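Right, one structure below, let's go through it.
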Amino acid sequence: MSNGIGVPGGAEGRSRRPVRSADYVPRIRMTGPQRRSQLIGVGRGLFALRGLDGTTIEEIAAAAGVSKPVIYEHFGSKEGLYTQVVEFEFRILLGSINDALSEEAKPRVMVERAALALLSYIEDRAEGFRILMRDAPPAQPEGAFSTLLSHVTARVEYILADEFARRGFTSADGAMYAQMLVGMVAMTGQWWQDSRTPDKREVAAHLVNLAWNGLTGLQKDPELRSDD
């Protein structure tokens, strides 16, 4: 009777099969767009955690369950992947703010909507916001978040132009105040991404309270007008 020695599939044959490590991730077959989307998602998580310089191409490949050439095939380099992650998040945040400012409303309500759009993005896509605040990709040496704020400031300046004119401000004054307003909202968003308290609607209400009423006219318990 055979005891399986020397027979393929026997005890000795089984012992010669390669042993996979505990962190082995089997490669999943995907279409090109699916793989690209997956790599962007994996890259976003690692870049948010460690930054561009702190993340290696090997780590991205291991986390995605692919070989390094697959990443090079889709993005050309680690920096190419990083740029795509930044542009993806940039479009989402800018789109959210543009949507918030697209419908006609009183200027104060428009400011409320813009503040809520930023805070909602931070709440829903914390990793993306951390990346936008970090290293500048090669395609945007001035910084992705700075570029975003420039776009938003231009929109706010246009939206508030009539309000500024009614109060006797020049166009140059309006541009300056739009910078101040957007900067205040952006800095508050950076603080809120870690604290997450109070609730985003309360934060937005206080932001607009300061922006609209000024220090001398602050209300103790401000409410959002867009809730009316």
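Everything numeric in this text was worked out from a predicted model, so none of it was measured.
When side chains are defined from C-beta on, I131 does not count as touching E89, because their heavy atoms never get closer than 4.5 Å. E104 has its side chain out of reach of M110: every pair of non-hydrogen atoms, C-beta onward, lies at least 4.5 Å apart. R108 is listed as a side-chain neighbour of N213, based on a closest heavy-atom distance under 4.5 Å. The side-chain heavy atoms of Q38 and M30, taken from C-beta on, include a pair separated by under 4.5 Å. A 4.5 Å side-chain heavy-atom check between L181 and L160 finds at least one atom pair inside the cut-off. Using a 4.5 Å heavy-atom threshold, the side chains of L39 and V66 count as touching. Using a 4.5 Å heavy-atom threshold, the side chains of I122 and R196 count as touching. Proximity of D199 to V203: side-chain heavy atoms (C-beta onward) are nowhere separated by under 4.5 Å.
Residues L210 and W191 share a hydrophobic cluster, clusters being chains of Ile/Leu/Val/Met/Phe/Trp/Tyr side chains in contact below 4.5 Å. By the rule that hydrophobic residues join a cluster once side-chain heavy atoms approach within less than 4.5 Å of another member, V109 and L119 end up as members of separate clusters. Residue L215 is grouped with residue Y177 when hydrophobic side chains (ILVMFWY) are merged at heavy-atom distances under 4.5 angstrom, including chains of intermediate members. Transitive grouping of hydrophobic side chains (ILVMFWY, heavy atoms separated by less than 4.5 Å) keeps L49 and I40 in distinct clusters. Residues L94 and V156 are members of one and the same hydrophobic cluster, defined by side-chain heavy-atom contacts under 4.5 angstrom among Ile, Leu, Val, Met, Phe, Trp and Tyr.
Atoms CD1 and OH, on I60 and Y82 in that order, are 11.5 Å from each other to the nearest 0.5 Å. For the atom pair F75 CZ and I71 CD1, the distance stands at 8.5 Å (nearest 0.5 Å). Taking CD1 of I97 as the start and CD1 of I92 as the end, the distance is 12.5 Å to the nearest 0.5 Å. Here the straight-line distance linking atom OG of S96 with atom CG of D124 works out to 8.5 Å at 0.5 Å rounding. Annotation: the span from Q190 atom CD to M133 atom CE amounts to 3.0 Å, rounded to 0.5 Å. Note that OG of S67 is 10.5 Å distant from CD1 of I57, once rounded to the nearest 0.5 Å.
A donor-acceptor contact shorter than 3.5 Å links the side chain of K78 to the backbone of T55. No donor-acceptor pair closer than 3.5 Å links the side chain of E157 to the backbone N or O of A178. Remark: the backbone N or O of F47 is paired with a side-chain donor or acceptor of R134 at under 3.5 angstrom. At distances below 3.5 Å, at least one donor-acceptor pair connects side-chain atoms of N209 with backbone N or O atoms of Q219. Put simply, the side chain of W212 never gets that close to the backbone of L218: no donor and acceptor are under 3.5 Å apart. Between the side chain of S37 and the main chain of P33, no donor-acceptor pair closer than 3.5 Å is present.
Residue H74 comes nearest to G32 through the heavy atom pair CE1-O, 3.5 Å, listed as atom of the first residue, atom of the second, then distance. Taking both residues in full, the closest heavy atoms of S102 and R155 are given as N-NH2, 4.3 Å, listed atom of the first, atom of the second, then distance. The minimum heavy-atom distance between G80 and S77, with the atom names listed, is N-OG, 3.0 Å. The heavy-atom pair separating A115 from L207 by the smallest distance is CB-CD1, 4.2 Å. Residues A204 and L224 share a closest heavy-atom pair of C-CD2, 3.9 Å. Considering all non-hydrogen atoms of both residues, A114 and A100 come closest at N-CB, 4.4 Å.
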Please walk me through it: do H151 and F90 pass side-chain contact (heavy atoms from CB on, under 4.5 Å)?
-> CA-CA 11 Å; H151 282 280; F90 183 93; 3.8 Å; yes
ask   = Would S120 and E123 satisfy side chain to side chain donor-acceptor pair (under 3.5 Å), going step by step from the backbone distance to the final call?
value = CA-CA 5 Å; S120 294; E123 183 177 61; 5.1 Å; no
### Task
Applying salt bridge (charged side-chain N to carboxylate O under 4.0 Å, His left out), run through R130 and D194 and close with a yes or a no.
CA-CA 10 Å; R130 287 192 177 91; D194 293 321; 3.8 Å; yes
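A salt bridge links R50 with E59: the distance from a Lys NZ or Arg NE/NH1/NH2 to an Asp or Glu carboxylate oxygen falls below 4.0 Å. Salt bridge status for K68 with E58: present, with a side-chain N to carboxylate O gap under 4.0 Å.
Residues F129 and F145 bring their aromatic ring centres within 6.0 Å.
Residue pairs meeting the salt bridge (charged side-chain N to carboxylate O under 4.0 Å, His left out) criterion with at least one partner in residues 161-179, sequence neighbours excluded, are E163-R166, E163-R167.
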